[in-house]
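Worksheet for the structure shown next.
We use all heavy atoms of the structure for the numbers below, so side chains are in, but hydrogens, waters and symmetry mates are not.
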Amino acid sequence: STAQAAAEMPPIPEVTGDVVEGDGNDYTIKFSIGTTQSGAQYRGLEYFEDIVEARSDGHIQVELFHSAQLGDDLQAVSALQSGTLEMTAPSTSPLVNMFPQFAVFDLPFLFPTPEVADEVLDGEIGDSMLGIASSNGLVAIGWAENGYRQLTNSQAAVDSPDDLDGLKVRTMQNPIHLDIWRTLGANPTPMSFAELFTALEQGVVDGQENPWITIQSSRFNEVQGYASETNHVYTPFITLVSERFWNKLPESYQQMLVEAAQQMGDYEREVSRSLNDQIKQELIDEGMQITELTPEQVTTFQESLAPVYDNWRDQVGGELIDSIRATS
Ligand code: EAX
């Protein structure tokens, strides 16, 4: 099924843009991600590799690492800071302790459509967040998406917060996500993505939440019989470069990497969105029981989560929340 999904991905675009004059030196970018080789994110990285190698006329070589081979999201970010890894693209959520402004991407049901997410990420708010994240030894050069998160579990079908009572749900390492699942009555545990499959397999946790494509490409459906189409949080990926590496590059290459990250982000979002429904159907075909929620059931989840907004509104910024709401 992995090969089949890959075969139906929108083709990797032709590289556009001229060859860029560098400084005569050769560079290598090791680019590591937490998701697997069969996801949309890796496909985006393959396009990034094509662009960067072509436009540097081979002076920049890009080496891709998936499945947290070089460390989980937080470890990869530390490696950028110490200069032992050049690039990574984590979900924003595990970085919220470093960049509190990222918390806006953890609020439940804030982004009603992918188009609203695009307006935020590709507009002033997204630009200002790239600026904020360009600190602490990091340079932030673009956005892609993990996507809308869905709940899976090994126990029973879930269509209301009542079904979550005591359910052990793995969350990303993020206080708002913990708050969400506690507020819904579940028993959440933060854990790195790299440890998640084993934790699900061994029953350390009953459930987790991630977009369909991440659920399938990580084979969580092999150890999770049930899913609910909650769409409760939209998670971006942020494309990060090691500042130590960045400062070695001529400006011409820096500019080209920014353009490549933008093109990767546009393409990756196209792949992610075009595969979302197809992969949901494949999960059903592979035997997962997927519960689609009625609008009323979604409203029940939203109303249950009102306290989360009360708890985080000041930290995230009321104006920011209102401006995103006004986008829709
Ligand atoms: O790199 O931790 C997660 O659930 C995310 O999907 C992960 O950040 C992907």
Side-chain angles (χ1 to χ4, degrees), residues 32-36 39 41 65-82 85 87-108 110-111 129 132-133 135-138 140 143-153 164 167-211 213-215 217-218 220 223-224 230 232-240 242 305 308 311-312 315-316:
S32 171
I33 54 173
T35 57
T36 74
Q41 188 179 28
F65 299 88
H66 56 85
S67 309
Q69 284 166 326
L70 300 187
D72 64 34
D73 284 347
L74 287 170
Q75 289 165 338
V77 169
S78 305
L80 259 56
Q81 292 171 311
S82 60
L85 179 68
M87 290 186 69
T88 190
S91 296
T92 48
S93 310
L95 303 184
V96 79
N97 292 327
M98 200 182 291
F99 306 119
Q101 294 84 348
F102 283 5
V104 73
F105 299 116
D106 300 308
L107 289 172
L110 184 58
F111 296 89
M129 294 220 186
I132 287 164
S135 66
N136 294 45
L138 306 172
W143 299 105
E145 76 172 17
N146 197 345
Y148 284 98
R149 306 182 79 87
Q150 322 295 355
L151 176 70
T152 71
N153 84 93
L164 292 170
L167 194 77
K168 286 182 278 173
V169 178
R170 173 271 178 178
T171 70
M172 291 188 284
Q173 293 148 300
N174 176 289
I176 300 176
H177 284 251
L178 274 175
D179 194 19
I180 289 172
W181 295 99
R182 277 200 196 109
T183 301
L184 291 171
N187 178 8
T189 309
M191 187 185 294
S192 98
F193 187 68
E195 299 170 85
L196 181 51
F197 185 90
T198 305
L200 293 168
E201 189 178 37
Q202 297 182 346
V204 175
V205 288
D206 303 314
Q208 65 84 44
E209 38 84 62
N210 254 297
I213 189 157
T214 300
I215 290 167
S217 66
S218 297
F220 293 154
V223 287
Q224 301 273 276
T230 48
H232 53 277
V233 167
Y234 175 86
T235 307
F237 285 131
I238 186 164
T239 305
L240 299 172
S242 163
L305 288 168
V308 173
N311 294 343
W312 297 96
Q315 180 183 317
V316 173

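Considering only heavy atoms from C-beta on, Ile180 comes within 4.5 Å of Val233 through its side chain. The closest side-chain heavy-atom distance from Gln173 to Asp73 is not below 4.5 Å. Side chains of Glu145 and Trp143 form no contact here, defined as non-hydrogen atoms less than 4.5 Å apart. For the pair Val223/Gln202, no side-chain contact is recorded, criterion being any heavy-atom separation below 4.5 Å from C-beta on. In this structure the side chain of Pro90 never reaches within 4.5 angstrom of the side chain of Phe237, judged on heavy atoms. Between Asn153 and Val169 there is no side-chain heavy-atom pair separated by less than 4.5 Å. Side-chain atoms of Pro190 and Leu178, non-hydrogen and from C-beta on, do get closer than 4.5 Å to each other. Put simply, the side chain of Arg182 reaches to within 4.5 Å of the side chain of Pro188, judged on heavy atoms.
Judged purely by atom type and a 3.5 angstrom limit, Ser135 uses its side chain to pair as donor or acceptor with the backbone of Ile132. Asp206 places a side-chain N or O within donor-acceptor distance of the main-chain N or O of Lys168, the cut-off being under 3.5 Å. A donor-acceptor distance shorter than 3.5 angstrom exists from the side chain of Thr88 to the backbone of Ser32, with no hydrogens or angles considered. Side chain of Ser218 to main chain of Phe220: no donor-acceptor pair is present (N/O by atom type, distance under 3.5 Å, no hydrogens or angles). The backbone N or O of Asn146 lies less than 3.5 Å from no partner atom in the side chain of Gln41, so there is not a single donor-acceptor pair. Panel note: side chain Gln150, backbone Pro211; no donor-acceptor pair is recorded below 3.5 Å. Checking side-chain atoms of Ser217 against main-chain N and O of Thr36 turns up no donor-acceptor pair under 3.5 Å.
One finds the CG atom of Leu196 at 11.0 Å from the CD atom of Glu201 (value rounded to the nearest 0.5 Å). Glu209 CD to Thr171 OG1: the interatomic distance, rounded to the nearest 0.5 Å, is 7.0 Å. In this structure, CG in Leu151 is found 8.0 Å from CD in Gln208, a value given to the nearest 0.5 Å. Between Asp179 atom CG and Asn311 atom CG the span is 4.5 Å, to the nearest 0.5 Å. Atom CG of Leu240 is separated from atom OG1 of Thr92 by 10.5 Å, given to the nearest 0.5 angstrom. To the nearest 0.5 Å, the span separating CE on Met87 from CZ on Phe65 amounts to 13.5 Å.
Across Arg149 and Asn210, no two heavy atoms sit closer than the pair NH2-OD1, 3.3 Å.
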Using distance only, find each side-chain donor-acceptor pair of residues 94-107 under 3.5 Å and give its atom names and separation, not counting sequence neighbours.
unit_1: Asp106; atom_1: OD1; unit_2: Ser93; atom_2: OG; d: 2.6
unit_1: Asp106; atom_1: OD1; unit_2: His177; atom_2: NE2; d: 2.9
unit_1: Asp106; atom_1: OD2; unit_2: Asn174; atom_2: ND2; d: 2.8

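Partners of Arg170 by salt bridge (Lys or Arg N to Asp or Glu O under 4.0 Å), not counting sequence neighbours: none found. Residues satisfying the ring pair (Phe, Tyr, Trp, His ring centres under 6.0 Å) criterion with His232, sequence neighbours excluded, are Trp181.
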Worked verdict on Gln81 versus Leu138 for side-chain contact (heavy atoms from CB on, under 4.5 Å): CA-CA 6 Å; Gln81 292 171 311; Leu138 306 172; 3.8 Å; yes
